[in-house]
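The block underneath contains the structure these notes are about, expressed in structure tokens.
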4 protein chains.
Amino acid sequence: MNCPFGIKPRWERRKDARPQELLAAALDLFVEHGYAATRLEDVARRAGVSKGTLYLYFENKEELFKAVVRESIVPAIGDAEEYIASFEGPSAELLRWVIATWWERIGASKASGISKLLMAEASNFPDLAQFYRDEVISRASAMISSMLERGVARGEFKPMDINVATQVLIAPVLMLMLWKHSVGPCDQRILEPQAYLAQLTDMVLHGLLTTEQGGGGCADTR
Amino acid sequence: MNCPFGIKPRWERRKDARPQELLAAALDLFVEHGYAATRLEDVARRAGVSKGTLYLYFENKEELFKAVVRESIVPAIGDAEEYIASFEGPSAELLRWVIATWWERIGASKASGISKLLMAEASNFPDLAQFYRDEVISRASAMISSMLERGVARGEFKPMDINVATQVLIAPVLMLMLWKHSVGPCDQRILEPQAYLAQLTDMVLHGLLTTEQGGGGCADTR
Amino acid sequence: MNCPFGIKPRWERRKDARPQELLAAALDLFVEHGYAATRLEDVARRAGVSKGTLYLYFENKEELFKAVVRESIVPAIGDAEEYIASFEGPSAELLRWVIATWWERIGASKASGISKLLMAEASNFPDLAQFYRDEVISRASAMISSMLERGVARGEFKPMDINVATQVLIAPVLMLMLWKHSVGPCDQRILEPQAYLAQLTDMVLHGLLTTEQGGGGCADTR
Amino acid sequence: MNCPFGIKPRWERRKDARPQELLAAALDLFVEHGYAATRLEDVARRAGVSKGTLYLYFENKEELFKAVVRESIVPAIGDAEEYIASFEGPSAELLRWVIATWWERIGASKASGISKLLMAEASNFPDLAQFYRDEVISRASAMISSMLERGVARGEFKPMDINVATQVLIAPVLMLMLWKHSVGPCDQRILEPQAYLAQLTDMVLHGLLTTEQGGGGCADTR
DNA sequence: AATGAATGAGAATTCATTCAT
DNA sequence: AATGAATGAATTCTCATTCAT
């Protein structure tokens, strides 16, 4: 341990990695079993530490969960906000990017299980629901709205009720995440998320755009 | 009874009404909180009885839940099976009836919460999941399939892969139920189930029908 | 029911038999499962009545048990007391009768299970233990003692410490009852109660008698 | 620790001692009250810990009980097996040792209460009965049988039906344990276990031996 | 007399959280 | 920093007893 040659002893290597490992373990188990049914002991065990260690990094179960959300979902929103703020191209392209990237980072990953979990357990854990509304839903909505407003401001999108349009965009993505974690495991034959989202984007753009510059896919959904 | 001094008896004999009252209370709470988070004591209290009384009627939590499913969902499948077996009109009309009626009896009622609950907790309660697969999912699938086969046999529907088509029909209805109990409570603005289903039916029929006899916008669901 | 011809309607036939039926059912179940593990509901069911009816005849579980003891064991003691009081023959013969009859009426019957039960559960139910000591053990001991005293008084038995001799006589009978309900059910090969008791009586008599008038069996225990 | 103000810690770390303390407490209470009537909370309290702590060491009540049996009874069988296997002297001496040692280690200790308990409650807890048959009764029987077979093989004991002889040896020891925990507490005057067993051994040996080498009253049990 | 629905205290077990080491 | 032993509130289920009918 007092290694004079500056070689890091094995046990120290993990020092900073600990919280990450715990968050990863927690994400896995929360997604697999839900919030209430996930035992902190199992989280600790999966991360290879003891139950007590978990409490060194997270005040309690609720804070652990919040940390998981903050690590697995919130950054994607921040990145999207930045991308939108600095993007200079056509809004149609931006919208495509936002939706595709959202799916890649959240929908396709385990993080989407968090959304499903919250839908299932929100009523049992009002504090968690509140937190999720505050830090995820409203920020994500604001992000989408700002993107739409940009399109309208630049004359690329038709004038619209931004709030409603935001919901309309979010709904199918949410649904897809729900699907993936509820029916999906039983039956993968039906929905092809990527294709579904591409099609959705096209449909929306055909509706949103003032001219046909965003086009591409034929929006005959059937 | 007829006690002139208004003294309340410790309990009131309800006999035959009890099971129904208990099932109703259980349905409410299961839908509201999920399976694991529903306390039997609360179910009893909501039905106006004590913990012990519940056990007079249902062996344990699992059996109570099964009874709720058997009362709130299974009969609708049986009725649909009968309707299909005795129906003599065009298959397009039959399909409209099945979908519309399913929504009325299950989707629009609290019973739809049961489906959502199972999707959320199936992995934590394998026995319940098995039960639901056996008594609900397979029967409902068989019912839908038989309806499609009828249409094909009568030359009204195009030949098709019945299993896939069954899934395609079930999926949106399931999704709608999920939605209602997850996102719906937060935001009712977006999805109008009845309209959505009418549209879905029309779209499917345009795909299924060999000729255009199934009509277009005449979504007289009854 | 107001049968004018004096024919007893069927349901009334059992009127007086009820307590007996309940006691019989209780004896069976107490012996089979022990005191604590016997459910009053099962007793009632076995007697073909409802739980509530049981409480019409017996104040509570403890009183039911006492009644079982009073019906199945205590009378045998009374009868023996009477027999002893009125018996005029030789004390050796009396002793043989008492031991043989005790086995017939108690040891060989289910009632012996009550003794075993009490030995197992006495410490958990001090009131029951007290009751049993008062109404069974001391009376039976007194009965045996009086018989021995009679023999001594009539010069048939040697003078002795009556209390010790009483214990010495009771112990093997008790042991036999214990055996029957503990090891016996697993293995009937070894002990032949009747023969064992006959031998015991002979051995005791050879020790007790002032002369060899009581003899018979060779007391070589092997 | 070393707290100068004498404040007691909420609990004290005992680690390795805990299981033993819990087993000791459990043995006490099981013997005193029986299996069903022993409350785990009381076991914990007697060991000076809380309910939950018990579950750190034993999965449930049944496993706790099995552990008690495995600790308090099973090793004595193993030791006897070893002793028999390595013993080189006359079989009569071996038999004396086995019986005397059995009484010392099991019969005279609280462990004998476990046998009594099982006889009383076996029918209510079939799993426990099975376990006891498998891990205690059959092993002990085999041990006794092997000892008898050794005597026969070496020409020291007469040929015999080993199974019956095994039962004949076990029965009185069992009985003595039963006695100790049922009648014994009420009345210690009668049976003197050590003397009784010495006598038993002698009687058996007189029957078993081919010659008189096993001696008469020299009941030097060690 | 008879019923059986209803009660509620009590026992086993689980798990988030604390804290001495 | 890390551990893991210890805690105790909470939950499911049981059963002796009560009481309106």
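Protein chains get the first letters and strands the later ones, always in sequence-line order, with residue 1 at the start of each.
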Once you round it to whole Å, what is the distance between P of dT7(F) and CD of Glu41(A)? 16 Å
Tell me if the CD atom of Glu59(A) is crowded by more than 12 foreign heavy atoms within 6.0 Å. no
With sequence neighbours excluded, residues passing side chain to side chain contact (heavy atoms under 4.5 Å, CB included) with Ala67(A): Leu23(A), Phe58(A)
Using whole Å, report how far CZ of Phe125(D) lies from P of dA12(E). 10 Å
Strand contacts (DNA chain F) in residues 22-39 of chain C, 4.0 angstrom heavy-atom criterion: Thr38(C), Arg39(C)
Within this structure, what is the CZ-to-P distance between Phe58(C) and dT18(F), rounded to whole angstrom? 16 Å
Residues which pass salt bridge (Lys or Arg N to Asp or Glu O under 4.0 Å) with Glu135(D), listed by chain and number, not counting sequence neighbours: Arg70(D)
Could you give all pairs that pass the side-chain hydrogen bond (donor to acceptor under 3.5 Å, both in side chains) test and reach residues 118-127 of chain D, with sequence neighbours left out? none
Under the side-chain hydrogen bond (donor to acceptor under 3.5 Å, both in side chains) test, which residues partner His33(C), sequence neighbours left out? none
With sequence neighbours excluded, residues passing side-chain hydrogen bond (donor to acceptor under 3.5 Å, both in side chains) with Tyr55(D): none
Strictly below 4.0 Å, heavy-atom distances to any atom of DNA chain F: list the hits from residues 43-56 of chain B, or just say none. Lys51(B), Tyr55(B)
Just the rounded figure in Å: distance from P of dT7(E) to CG of Leu40(B). 15 Å
Would you mind writing out the side-chain donor-acceptor pairs for residues 39-49 of chain A within the sub-3.5 Å range, not counting sequence neighbours?
from: Arg39(A); atom 1: NH2; to: Asp42(A); atom 2: OD2; distance (Å): 3.4
from: Asp42(A); atom 1: OD1; to: Arg45(A); atom 2: NH2; distance (Å): 3.0
from: Arg46(A); atom 1: NH1; to: Asp28(A); atom 2: OD2; distance (Å): 2.9

Nearest whole angstrom, please: distance from the C1' of dT3(E) to the CZ of Arg18(C). 11 Å
The criterion is ring-ring contact (aromatic ring centres under 6.0 Å, His included); which residues satisfy it with Tyr35(C), sequence neighbours excluded? Phe30(C), Phe65(C), Phe125(C)
Quick one: salt bridge (Lys or Arg N to Asp or Glu O under 4.0 Å) partners of Lys66(D), sequence neighbours excluded? Glu62(D), Glu63(D)
Rounded to whole Å, CD of Glu59(A) lies from C1' of dA16(E) at a distance of 13 Å
Secondary structure string for DNA chain E (Watson-Crick or G-U under 3.5 angstrom, | for other-strand pairs): .||||||||||||||||||||
Glu21(B) CD - dA6(E) C1' separation (whole Å): 13 Å
Would you indicate whether the side-chain heavy atoms of Leu118(A) and Ile114(A) approach each other to under 4.5 Å? yes
Sorted by chain and number, sequence neighbours left out, side chain to side chain contact (heavy atoms under 4.5 Å, CB included) with Ala111(B) holds for Ser72(B), Ile73(B), Ile106(B), Ser109(B)
For Tyr57(D) and dG4(F), what is the distance between atoms OH and P respectively, to the nearest whole Å? 12 Å
